[in-house]
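Remember, it's a predicted structure, so these values are computed and weren't measured experimentally.
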Amino acid sequence: MKLTVVKNSMTGGRAAWMLVGALLGLLFAAATIWLSLVELPNREVLGDLLAGVFGMWTLGWLVGPLWGGSAVLRADHFMLLPMPRRRLALGLLGAAFVGITTAVTALGFAGLITYGARQGLAPGLLAVPVAALQLVFVVLLSRVAYALFGVVAASRAGAAVTGVLFAAMLVLTQSGWMIVVAVMYSDILETGFSHPTTVALRAVPSSWGVVAVDAAGRGDWPLAIAAPAGLAALCVLLLLVWSVELGTPRRARATIRGSAGRAPVSGGPLGGTTGAVVRKELRTWWRDPLRTTTAVVPIVWALGTALLPLTFDARLLLPWAGPALALFAITSACNLYSQDGTALWQTLTIGAERADVRGRQWAYLIVFAPPAVALSVAFTWWSGAAWAWPWVAAAVPALLGGGAGLIAHSSVFGLVPGPDAHKRPSNPLERADTTGRSNVLFWVGLVPPAPALAVVYLGTRWDERWLSWAGLPVGVLTGVVVAWVLGGLAIRKLTEDGPDLLHAMRTGRPTVSRAAGGAGVARKGGTVEGLSWGLGSILLIPQGIVPLVFILSDIDVRSWFLAMYVRPLLGVPIAVASMLAGIALYARAVMTRVDDRTGRAGAPAPAGERELESV
């Protein structure tokens with residue numbers, strides 16, 4: 001059943017992201033096996049490194065279902081069958097092993113077998129069942145974690161935790177190579193980790209396989225047997241918890257009510273129609289679990305991206321924590337109207353389109369401006385980089401103002417339908433798929449601060465301090481203009497095409513359904529689009545921009561950057577070619593989306609629909 005569902009669902013962008021994820025997983029699995037075969041001066045370090053890598057595999061299984069949504073086969077699909085819960089749990093556990101993710105993880109866990117084989121025949125033989133047991137453990141852990149997070153995520157605190165985990169996975173995916181660099185360029189490979197670090201690494205269950213193999217290698221058979229026995233007992237416990245959770249009835253959603261008897265605001269800065277929308281939006285940002293996740297992710301992503309280089313004592317990114325928050329907030333809040341669902345009818349009925357758009361823009365600034373400014377001031381001071389003050393002061397207001405305009409424009413012009421608030425799944429990450437739009441807005445968001453940063457650059461180049469600080473008013477002016485103009489376009493679109501947007505959110509499709517052939521073209525285009533986004537991101541940033549900066553800055557860090565494995569004379573063209581290829585794939589994704597929409601709009605409707613339209 002699962003194979004059939006997966007085969008029929010591998011269409012459009014979903015298939016593309018599955019293929020990209022499988023490719024990245026295979027690379028990580030190959031890196032795990034390679035690490036198990038590396039010769040190091042200190043042999044104990046290799047076990048600690050493998051323990052850390054297996055911990056990352058476990059973390060991926062722990063957070064992956066939260067990122068990717070619910071399982072293909074869920075317990076509620078079988079709720080009408082007269083089947084005991086434990087038998088259902090065993091059946092669903094067996095189905096969980098059928099998939100690309102499990103196969104890739106099994107290949108990565110083969111690194112434990114090669115690691116054991118290097119220590120002798122007995123450790124190598126013991127590693128085979130232990131690796132299989134470890135695979136069962138991570139699969140069970142992911143199912144239990146998803147079930148428990150489904151309960152917790154309906155609250156604001158749970159949504160905040162989910163946002164933290166989601167942002168942490170983004171940081172590790174994008175900048176995890178910094179940890180590898182920190183290990184390679186330290187003396188850890190020769191001296192080893194500290195004793196508390198080693199104990200902590202090997203104490204977590206994901207490392208018990210390494211503990212068993214090492215114990216067998218030195219002849220400590222009681223520990224070699226106790227470690228996998230403990231892992232097996234933990235698997236049984238997880239299976240029991242999961243089977244109990246499968247039988248739990250659907251829980252009622254928590255209702256957060258406002259304060260009773262509070263008098264309405266009649267004046268002041270939050271008075272009037274726009275002020276009412278601001279107050280409503282601020283309450284939504286505070287009460288809605290999905291909005292909580294939307295607000296938490298940019299903050300944690302900015303903190304993780306800026307703090308991760310501290311692992312090798314580099315403070316270069318600290319001043320950019322505030323601008324990074326303001327930039328990523330654009331990608332996180334790019335689909336606000338879809339989050340409200342069909343509640344748009346209230347705005348259209350009373351004709352409050354202008355107040356609604358402007359109120360959302362003000363609420364966005366109230367939510368994200370204080371943490372962006374606070375991080376900018378605190379982290380720039382912490383970095384000790386006096387040169388960064390004019391740059392940060394110029395970038396932050398332009399990014400915030402530009403973001404206020406871009407999120408309003410994107411939410412109306414590029415609305416992606418999603419479930420209404422009362423129909424959402426428990427997991428707040430199961431929402432409308434805005435992956436492609438977020439990728440585009442990440443780069444478009446860099447345009448508003450460009451004029452202000454150009455002024456700062458000229459002031460630095462000509463050694464004119466007043467000109468450098470002139471970037472601040474230029475950034476403020478640019479942010480105000482972009483927010484006002486793009487907000488005005490969103491108001492016009494909402495006023496003219498509001499009913500069509502409401503229809504799209506209610507039904508999940510355009511106003512006029514097109515021919516089935518057009519839908520087929522859209523699914524094919526979605527696959528091309530998804531692959532273009534995924535591969536374009538890899539080529540543009542980690543294989544293009546990052547190695548080019550390293551080569552020009554004379555930083556000798558190879559990691560997984562192809563351009564760093566050749567001479568700088570050849571590395572620069574390779575990095576530039578990767579950047580151009582990434583940009584070309586981004587353009588291909590955008591054009592595919594445009595062509596698909598044009599094709600669907602121009603396709604003739606079926607005969608039955610034409611008759612209905614004529615009536």
To the nearest 0.5 Å, how far apart are [atom1] in [X] and [atom2] in [Y]?
X	Y	atom1	atom2	answer
Asp48	Arg202	CG	CZ	4.5 Å
Gln119	Thr114	CD	OG1	10.5 Å
Leu46	Leu37	CG	CG	9.0 Å
Leu441	Asn335	CG	CG	10.0 Å

Is there a donor-acceptor pair closer than 3.5 Å between any side-chain N or O of [X] and the backbone N or O of [Y]?
X	Y	answer
Thr331	Phe442	no
Arg118	Ser36	yes
Trp381	Pro319	no
Ser207	Ala203	no
Ser338	Val416	yes
Thr305	Ala302	no

Margin query: Counting C-beta onward and ignoring hydrogens, is there a side-chain heavy-atom pair between Val297 and Val164 closer than 4.5 Å?
Written below: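 No - every pair of side-chain heavy atoms lies 4.5 Å or more apart.
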Note to self: For Phe379 together with Trp382, are the ring centres under 6.0 Å from each other?
What the structure shows: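 Yes, ring centres under 6.0 Å apart.
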Notebook entry, point to check: Between Phe368 and Trp285, is the ring centre distance below 6.0 Å?
Noted result: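 Between Phe368 and Trp285, the centre distance is under 6.0 Å.
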Margin query: Run Thr380 and Leu375 through side-chain contact (heavy atoms from CB on, under 4.5 Å) and show every step you take.
Written below: CA-CA 8 Å; Thr380 305; Leu375 283 182; over 6 Å; no
Check: Just by distance, with hydrogens left out, do Trp301 and Ser332 show a side-chain donor and acceptor under 3.5 Å apart?
Finding: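 Absent: no donor and acceptor within the cut-off.
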Next item on the list: Could you tell me how the ring of Phe28 sits relative to the ring of Trp57: parallel (under 30°), tilted (30 to 60°) or perpendicular (over 60°)?
Entry: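 Parallel: the ring planes of Phe28 and Trp57 meet at under 30°.
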Next item on the list: Mark yes when over 12 heavy atoms from residues, nucleotides or ligands other than Trp221 sit less than 6.0 Å from its CH2; otherwise mark no.
Entry: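 Above 12, so yes.
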Notebook entry, point to check: Does the pair Trp61 and Thr102 meet the rule for a side-chain contact (heavy atoms from CB on, under 4.5 Å), with working shown?
Noted result: CA-CA 10 Å; Trp61 273 91; Thr102 311; 3.6 Å; yes
